[in-house]
Amino acid sequence: MKLIISILLSLIISITCMAETPKKEGWSKDAKFYTTIGILWTGVIIHEEYTWDLDRSFHQKQERWFEKDTSSGGNDKVGHVYSSYFLVRTLTPAYEHYGYTKKEALNRALFSSFLLMTTMEIADGFTSFGFAWNDMVANSLGQYMGYLMETNPRLNELFEFRSMPYSSFEVGHGTTDLSKHRRTVVNLKHFVALKLSGIEATKHSSLKYFDLHLGYDVFYRAATEDFDRNVFVGFNINVGNILRNYTKSKWILAADLIQLPYTMSESFFTPGHTDLHKF
């Protein structure tokens, strides 16, 4: 789930950067849309096979939610919400760039997010994880959050749902040709930011470059094989607002959705560790 974010972000940026070329060659907006969907859908399948092995009969699993004795302490559920949200927020402007109206682009982004995340979950049914309805509910929540942010400008001025890379871990050797090597997967720290640039009292001061945030993360303790679940609060630098002083580029959206490491009030960036200690 963590690796797919970096894959999708790279694909979305590459596809949208190339959008100018098809214009000259006579590509229609629909052709660009279906090409984008095809590439992203293929990327999801490759990710599932490459990382987790599609080597089992389809089966379901009741994963529950944020209980301490679940497989990830609920961190996976937050990841599903974020991934679905991320797709809606990034694909909507990409589809607008192809030539669709805002409403058309948003509807196609919602469909794309549903298709890609559902494909991923069905593929999980053929891995050791299993298909989980809990994940489908989390996906729907993320898509709805993306819809709300895209249709409510004032809400978008005040809040943002972000993640920050803070560690990496190795997944085990796979059994198929694609996944026979160890893969490095990135952990993400998820949070909702209250943007001081959206508040009248602070929007014209230097405080507009900062946000307050509330988030949730999980630390796996290998020694005891349990989780330290943590709800955290703090502040962070709004990197996107700083960049807007120097450029009008649409790619600032990446800084709005992904928090750069070391730009939060606490730093959780410990590459290569699976036994993480709270700072």
Side-chain angles (χ1 to χ4, degrees), residues 1-12 14-15 33-67 70-92 94-95 106-147 161 163 169 171-188 190 218 257:
M1 176 54 62
K2 312 302 186 284
L3 181 61
I4 196 63
I5 293 296
S6 58
I7 293 174
L8 291 178
L9 180 60
S10 299
L11 286 170
I12 291 166
S14 299
I15 292 164
F33 168 68
Y34 289 119
T35 300
T36 300
I37 287 293
I39 293 174
L40 293 178
W41 188 86
T42 302
V44 168
I45 296 298
I46 293 174
H47 163 264
E48 289 290 310
E49 176 69 15
Y50 191 52
T51 308
W52 307 122
D53 293 334
L54 302 175
D55 61 352
R56 304 189 180 207
S57 298
F58 183 82
H59 62 287
Q60 298 187 39
K61 181 179 288 187
Q62 174 54 258
E63 293 186 342
R64 295 180 292 153
W65 299 99
F66 296 90
E67 295 87 346
T70 56
S71 61
S72 66
N75 197 45
D76 177 62
K77 300 298 166 282
V78 182
H80 274 269
V81 174
Y82 176 76
S83 299
S84 301
Y85 173 86
F86 177 91
L87 285 168
V88 174
R89 296 306 308 276
T90 52
L91 288 176
T92 298
Y95 293 158
L106 177 55
N107 288 338
R108 282 164 175 76
L110 288 167
F111 168 77
S112 301
S113 179
F114 173 80
L115 174 65
L116 296 171
M117 296 303 295
T118 300
T119 298
M120 185 184 301
E121 194 57 38
I122 292 174
D124 278 350
F126 295 94
T127 71
S128 59
F129 294 101
F131 177 92
W133 284 105
N134 313 69
D135 291 343
M136 294 295 292
V137 172
N139 292 343
S140 298
L141 177 59
Q143 288 146 12
Y144 181 64
M145 289 173 61
Y147 170 81
F161 187 20
S163 68
F169 65 93
V171 300
H173 285 292
T175 59
T176 65
D177 290 338
L178 278 176
S179 61
K180 61 186 178 182
H181 301 294
R182 283 186 176 273
R183 309 309 309 163
T184 298
V185 181
V186 177
N187 263 324
L188 300 174
H190 305 287
V218 174
L257 296 173

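From a predicted model like this one, the values you see are computed outputs, not experimental measurements.
- Between Met145 atom CE and Ser140 atom OG the span is 13.0 Å, to the nearest 0.5 Å.
- Interatomic distance, Leu87 CG to Tyr82 OH, rounded to the nearest 0.5 Å: 10.0 Å.
- When all heavy atoms of Val88 and Gln143 are compared, the pair lying nearest together is CG2-CA, 4.1 Å.
- Between Val81 and Phe161 there is a side-chain heavy-atom pair separated by less than 4.5 Å.
- Of the residues Val137, Asn139, Leu141, Asn134, the one that meets the side chain to side chain contact (heavy atoms under 4.5 Å, CB included) test with Lys77 is Asn134.
- Shown here are the ring-ring contact (aromatic ring centres under 6.0 Å, His included) partners of Tyr95, two or more places apart in sequence or in another chain: Phe33, Tyr98.
- Shown here for Ile45 and Thr119, the closest heavy-atom pair between the two residues is CD1-CG2, 3.7 Å.
- To the nearest 0.5 Å, the span separating OG1 on Thr92 from CG on Leu106 amounts to 4.5 Å.
- Listed by chain and residue number, Phe131 satisfy the ring-ring contact (aromatic ring centres under 6.0 Å, His included) test with Trp133 (two or more places apart in sequence, or in another chain).
- Here the CG atom belonging to Asp135 is positioned 4.0 Å from the CD atom belonging to Glu121, to the nearest 0.5 angstrom.
- At least one side-chain heavy atom of Leu115 sits less than 4.5 Å from a side-chain heavy atom of Trp41.
- With contacts defined as side-chain heavy-atom distances shorter than 4.5 Å, the pair Thr35/Ile39 qualifies.
- The backbone N or O of Ala109 sits nowhere less than 3.5 Å from a side-chain atom of Ser113 that would complete a donor-acceptor pair.
- Side-chain atoms of Leu110 and Leu91, non-hydrogen and from C-beta on, never get closer than 4.5 Å to each other.
- Rounded to the nearest 0.5 Å, atoms OG (Ser84) and CE (Met117) are 4.0 Å apart.
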